[in-house]
Amino acid sequence: MALVKKDLDLEKRWGKLLEGLQQLLGKKPTDMNAVLFIIGVHELGKGPMHFSKEEKQDLMHIATCKVLSLSGFYSLDFIDQDGWPHWKLEKSLPHLDSTEQEKMLKLHVLEYFEEEFEIDIQ
């Protein structure tokens with residue numbers, strides 16, 4: 001029963017994050033990839049601009065590495081001449097099914113927004 005409550009709390013916090021992003025951006029992110037894209041653009045630090053499909057995938061990778069760095073899975077390795085960060089895997093990611101992977105990412109994304117923007121998402 002405690003797991004069900006934990007999952008409900010996570011989904012409630014996730015919903016609040018999506019609502020907050022909608023207020024900030026004027027459009028509600030539809031899924032995890034959209035949220036990761038937003039984080040990637042923020043981490044790149046160049047502001048909104050047109051990105052190719054490959055660059056969008058790179059931005060989501062940057063975001064994934066950034067949020068998972070909060071638990072020591074990745075560390076920033078270097079920033080290339082174009083200003084794109086490159087990450088280094090520090091420890092192996094746990095083998096999780098897709099549902100558990102999504103939960104782990106959501107928890108890290110919530111932690112990222114709470115730390116980066118000094119907000120409490122409850």
Side-chain angles (χ1 to χ4, degrees):
M1 194 54 134
L3 273 178
V4 172
K5 183 179 179 341
K6 224 176 188 179
D7 286 352
L8 288 174
D9 287 346
L10 174 59
E11 289 308 311
K12 181 178 158 189
R13 290 177 65 214
W14 184 254
K16 285 193 175 190
L17 173 64
L18 295 181
E19 288 171 17
L21 289 171
Q22 180 178 14
Q23 290 175 1
L24 184 67
L25 303 171
K27 183 178 179 186
K28 188 174 185 177
T30 55
D31 59 12
M32 176 64 75
N33 286 339
V35 175
L36 290 173
F37 176 76
I38 292 165
I39 293 171
V41 170
H42 180 260
E43 288 300 312
L44 184 61
K46 295 184 178 191
M49 51 190 275
H50 177 75
F51 296 102
S52 69
K53 183 178 179 181
E54 184 179 320
E55 287 172 329
K56 288 176 183 176
Q57 290 173 331
D58 290 345
L59 287 166
M60 289 187 285
H61 176 72
I62 288 169
T64 301
C65 293
K66 173 62 181 181
V67 300
L68 292 177
S69 75
L70 298 172
S71 290
F73 289 106
Y74 288 90
S75 66
L76 183 61
D77 194 17
F78 66 96
I79 296 177
D80 68 21
Q81 68 276 8
D82 297 323
W84 288 73
H86 294 262
W87 295 84
K88 178 173 61 174
L89 183 65
E90 294 293 343
K91 61 183 181 181
S92 297
L93 293 163
H95 293 286
L96 303 170
D97 65 32
S98 59
T99 303
E100 292 299 313
Q101 282 178 9
E102 179 98 357
K103 279 187 213 174
M104 184 173 133
L105 262 180
K106 282 181 178 178
L107 286 167
H108 282 84
V109 165
L110 287 162
E111 182 181 352
Y112 169 84
F113 278 99
E114 288 180 332
E115 285 190 13
E116 192 72 21
F117 300 99
E118 298 178 353
I119 55 173
D120 189 23
I121 305 168
Q122 292 300 325

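Numbers here simply count residues along the sequence, with the first being 1. What you see is a predicted model; the values in this text were computed from it and never measured.
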Non-neighbouring partners of [X] that pass salt bridge (Lys or Arg N to Asp or Glu O under 4.0 Å), sequence neighbours left out:
{"X": "K66", "answer": "none"}
{"X": "D9", "answer": "K5"}
{"X": "K88", "answer": "E90"}

query: Partners of Q101 by side-chain contact (heavy atoms from CB on, under 4.5 Å), sequence neighbours excluded?
result: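 side-chain contact (heavy atoms from CB on, under 4.5 Å) list for Q101, sorted by chain: L96.
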- prompt: Do you know which two heavy atoms are closest between P94 and M104, and how far apart they sit?
  reply: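 Nearest pair, atom of P94 first, then M104: CG-SD, 3.9 Å.
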field: Contact summary for K46 and D82, nearest pair of heavy atoms
entry: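 Minimum heavy-atom separation between K46 and D82: NZ-O, 2.5 Å.
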query: When rounded to the nearest 0.5 angstrom, what is the spacing between CG in L10 and NZ in K106?
result: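 Separation between the atoms: 6.0 Å.
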Pairwise side-chain contact, Y74 with T64, heavy-atom cut-off 4.5 Å (strictly under):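 No, too far: nothing below the 4.5 Å cut-off.
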field: Residue pair W87 / L76, side-chain heavy-atom distance below 4.5 Å
entry: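 In contact.
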- request: Name all pairs fulfilling the salt bridge (charged side-chain N to carboxylate O under 4.0 Å, His left out) condition that reach into residues 113-122, sequence neighbours left out, sorted by first residue then second.
  value: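 Sorted result for residues 113-122: R13-E114.
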query: What pairs of residues pass the salt bridge (charged side-chain N to carboxylate O under 4.0 Å, His left out) test when at least one of them lies in residues 93-102, not counting sequence neighbours?
result: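 Found E100-K103.
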- request: With sequence neighbours excluded, tell me which residues meet side-chain hydrogen bond (donor to acceptor under 3.5 Å, both in side chains) with Y112.
  value: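 Result, side-chain hydrogen bond (donor to acceptor under 3.5 Å, both in side chains) vs Y112: H42, E43.
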Sequence neighbours left out, what passes ring-ring contact (aromatic ring centres under 6.0 Å, His included) with [X]? Give chain and number order.
{"X": "H108", "result": "none"}
{"X": "H86", "result": "F78"}
{"X": "F113", "result": "F117"}

Validation: residues 47-61 side-chain donor-acceptor distances under 3.5 Å, sequence neighbours left out:
| residue | atom | partner | partner atom | Å |
| --- | --- | --- | --- | --- |
| S52 | OG | E55 | N | 3.1 |
| E55 | OE1 | S52 | N | 2.8 |

query: Is K12 atom NZ crowded by more than 12 heavy atoms from other residues, nucleotides or ligands, each under 6.0 Å away?
result: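 Atom NZ in K12 is not packed in, count stays at 12 or less.
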N/O donor-acceptor pairs under 3.5 Å from side chains in residues 18-39, not counting sequence neighbours:
| residue | atom | partner | partner atom | Å |
| --- | --- | --- | --- | --- |
| D31 | OD1 | N33 | N | 3.2 |
| D31 | OD1 | A34 | N | 2.9 |

